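Working notes, structure below.
Just so it is clear, the model here is predicted, and its values are computed rather than measured. Any value given below was found using the heavy atoms of this structure, including those in side chains, with hydrogens, waters and symmetry copies removed. Both counts, for ligands and for their atoms, begin at 1 and track the order of listing.
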Amino acid sequence: MTDGAAVASPIFAGHFSGRRAVVTGAARGIGLGIAQAFAECGAAVLLVDRDPGVVEAAENLVSRGHEASSAVVDLTNEDEVTALFARVREDWGALDVLVNNAGIITISDVESLRTADFARVLAVNTTAAFTTTREAVPLLRAAGGGSVLNASSGQGRQGFIYTPHYAASKMGIIGMSQSLAKELAPDQIRVNCYCPGIVETEMWAYNDAEWGRRLGEYQPGELIAEWIDDIPLRRPAAVADVANLLLYLASDAGSYITGQAINVDGGMFMS
Ligand code: NAD
């Protein structure tokens, strides 16, 4: 997402003018693409990541004429998250869109997987999305309603081998989103999940190497190529494919959709 190419479909041009969005895990990969997409459509975007590279990511958006700022936050630290949303209240007073995109994965056989590592994946992928949502609710109410978008995965549909913690976290976030969607619907706060298939980010470079090593004699790039071959649309997702689903869900056109988990995976999973 550093080549300056547009991410958002022109059909959403200007749609988010005057709206405010927080995007987590926005230093790189899918999160950076989502932040760029909302900014291209006129939103003021706060990019959040524990990686200090998020500062430069936001500056790049500003240099392209967008409204963007950044915060370096470890989302598993409750105090840091509370302080983050205190800042949002001070700066904006209200919030329209929260994207809980930050996530981590490790690949491990069951006997090597330490309980602390299991818990760390749940802490980032599931629990942190709860903490941010809790802190954001008063601000979403202040905006008269809004949209929470949570990163699930193909592993929210079916657990893959060597990732019981990641599968638990990505199925867990779907259940959490359904529960919150019911509670927050009277405030017109909608909560949905997006389930990407394969997006060629740094996370997938790790997956290809680690799964490839454990599943057979795969050379770098061979395993992912084999998996892509099984996708009905025969290509990985572009970051834009994911970002445009989120634009739709957060837009006025998506105003009747809540409590859903939507696959954006080229047909990899069909339920
Ligand atoms: P990535 O590893 O490229 O980026 C994740 C970002 O999250 C990084 O910038 C990282 O610093 C940030 N992050 C991690 N822990 C954090 C913490 N404690 N506090 C703050 N920031 C933190 O990953 P990606 O491929 O862009 O994936 C984005 C989301 O999409 C993740 O939730 C991932 O599980 C999900 N997903 C990705 C794929 C894929 O194929 N890449 C598929 C399905 C789901």
Side-chain angles (χ1 to χ4, degrees), residues 1-2 7 22-37 46-58 70-81 83-84 98-107 117 119-132 148-160 163 165-174 176-177 193-211 223-224 227-228 231 235-243 245-246 261-266 268-269:
M1 274 317 109
T2 49
V7 175
V22 169
V23 181
T24 74
R28 68 183 196 196
I30 298 171
L32 178 54
I34 293 167
Q36 183 178 329
L46 174 56
L47 290 80
V48 180
D49 207 293
R50 71 177 169 190
D51 176 353
V54 75
V55 175
E56 195 185 333
S70 60
V72 179
V73 172
D74 178 352
L75 294 157
T76 62
N77 182 318
E78 191 167 11
D79 292 341
E80 289 187 30
V81 173
L84 170 72
L98 169 64
V99 182
N100 289 309
N101 169 80
I104 56 171
I105 192 168
T106 62
I107 291 170
D117 293 328
R120 196 166 55 89
V121 167
L122 281 169
V124 178
N125 295 4
T126 315
T127 314
F130 168 74
T131 314
T132 53
V148 179
L149 297 157
N150 291 328
S152 182
S153 163
Q155 293 227 46
R157 303 305 193 185
Q158 190 174 109
F160 297 4
T163 46
H165 47 344
Y166 187 80
S169 74
K170 294 301 186 182
M171 289 195 187
I173 201 162
I174 292 176
M176 183 184 90
S177 302
C193 288
Y194 53 101
C195 304
I198 294 177
V199 194
E200 290 178 286
T201 62
E202 287 184 45
M203 181 179 278
W204 241 100
Y206 166 82
N207 290 350
D208 179 63
E210 276 302 305
W211 262 317
L223 180 75
I224 190 170
W227 286 22
I228 290 167
I231 294 174
R235 66 169 177 86
V239 166
D241 294 315
V242 180
L245 169 65
L246 270 60
I262 299 181
N263 299 341
V264 51
D265 64 0
M268 199 172 175
F269 290 97

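For ligand 1 and T201, the ligand atoms under 4.0 Å from any heavy atom of the residue are 3 (O), 24 (P), 25 (O), 26 (O), 41 (N). Counting the atoms of ligand 1 from 1 in the order shown, those under 4.0 Å from a heavy atom of A151 are 32 (O). Under a 4.0 Å criterion applied to the non-hydrogen atoms of V73, ligand 1 contributes the atoms 19 (N), 20 (C). Within ligand 1, the atoms closer than 4.0 Å to a non-hydrogen atom of G197 are 40 (O), 42 (C), 43 (C), numbered from 1 in the order shown. Atoms of ligand 1 found under 4.0 Å from any heavy atom of Y166 (numbered from 1 in listed order, with element): 33 (C), 34 (O), 35 (C), 36 (N), 44 (C). Below 4.0 Å from some heavy atom of I198 lie the following atoms of ligand 1, by number and element: 40 (O). In summary, the atoms of ligand 1 found under 4.0 Å from a heavy atom of I104, numbered by their order in the structure, are 14 (C), 15 (N). Short contacts between ligand 1 and P196, defined as distances under 4.0 Å to a heavy atom of the residue, involve ligand atoms 42 (C), 43 (C), 44 (C).
Here the side chains of M268 and N263 are not in contact, with every heavy-atom distance at 4.5 Å or above. For the pair I104 and Y206, the minimum side-chain heavy-atom distance is 4.5 Å or more. I231 has its side chain out of reach of D265: every pair of non-hydrogen atoms, C-beta onward, lies at least 4.5 Å apart. When side chains are defined from C-beta on, T131 does not count as touching L75, because their heavy atoms never get closer than 4.5 Å. When side chains are defined from C-beta on, N100 does not count as touching M176, because their heavy atoms never get closer than 4.5 Å. Residues F269 and C195 are not in side-chain contact: their nearest non-hydrogen atoms beyond the backbone lie 4.5 Å or more apart. With contacts defined as side-chain heavy-atom distances shorter than 4.5 Å, the pair N207/I107 qualifies. Using a 4.5 Å heavy-atom cutoff, the side chains of L84 and L46 are in contact.
Within the structure, the closest approach of A123 to ligand 1 does not fall below 4.0 Å when heavy atoms are considered. Put simply, no part of N125 is less than 4.0 Å from ligand 1, judged by heavy atoms. Ligand 1 is never approached by E200 to a heavy-atom distance shorter than 4.0 Å. Heavy-atom distances between V124 and ligand 1 reach below 4.0 Å in at least one pair. Within the 4.0 Å heavy-atom shell around ligand 1 one does not find Y206.
Residue L75 has at least one N or O atom closer than 3.5 Å to an N or O atom of ligand 1. The shortest N/O to N/O separation between W204 and ligand 1 falls below 3.5 Å. Between V199 and ligand 1, at least one N/O pair is under 3.5 Å apart. Among the atoms of R28, some N or O lies under 3.5 angstrom from an N or O of ligand 1.
Proximity annotation for atom 28 (C) of ligand 1: of I34, D74, N101, N101 comes nearest, heavy atoms only. The option from G103, A102, G29 that lies nearest to atom 5 (C) of ligand 1, judged by heavy atoms, is G103. Looking at E80, M268, R50 and measuring to atom 16 (C) of ligand 1, the nearest heavy atom belongs to R50. For atom 11 (O) of ligand 1, the nearest non-hydrogen atom from the set L32, T24, V121, D49 belongs to D49.
In this structure, atom 7 (O) of ligand 1 lies nearest to the protein heavy atom G25 CA, 3.5 Å. The protein non-hydrogen atom at the shortest distance from atom 44 (C) of ligand 1 is S152 O, 3.3 Å. The nearest protein atom to atom 30 (O) of ligand 1, hydrogens excluded, is given as I30 CD1, 3.6 Å; this is a heavy-atom distance.
The salt bridge (Lys or Arg N to Asp or Glu O under 4.0 Å) test applied to E200 returns no partner, not counting sequence neighbours.
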Next item on the list: Kindly indicate, with the supporting measurements, whether the criterion side-chain contact (heavy atoms from CB on, under 4.5 Å) is fulfilled by V81 and F130.
Entry: CA-CA 11 Å; V81 173; F130 168 74; over 6 Å; no
Next item on the list: Give the intermediate values and the outcome of side-chain contact (heavy atoms from CB on, under 4.5 Å) for residues L47 and V23.
Entry: CA-CA 5 Å; L47 290 80; V23 181; 5.6 Å; no
Next item on the list: Starting from the C-alpha separation in whole Å, work towards a yes-or-no answer on side-chain contact (heavy atoms from CB on, under 4.5 Å) for V72 and V55.
Entry: CA-CA 8 Å; V72 179; V55 175; 4.0 Å; yes
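T106 and D117 share no side-chain donor-acceptor pair at under 3.5 Å.
With a 4.0 Å heavy-atom cut-off, ligand 1 is reached by no atom of Q155.
Note: W227 and F160 have perpendicular aromatic rings, judged against thresholds of 30 and 60 degrees for the angle between ring planes.
Side-chain N or O atoms of E80 include none that pairs as donor or acceptor with a backbone N or O of V73 at under 3.5 Å.
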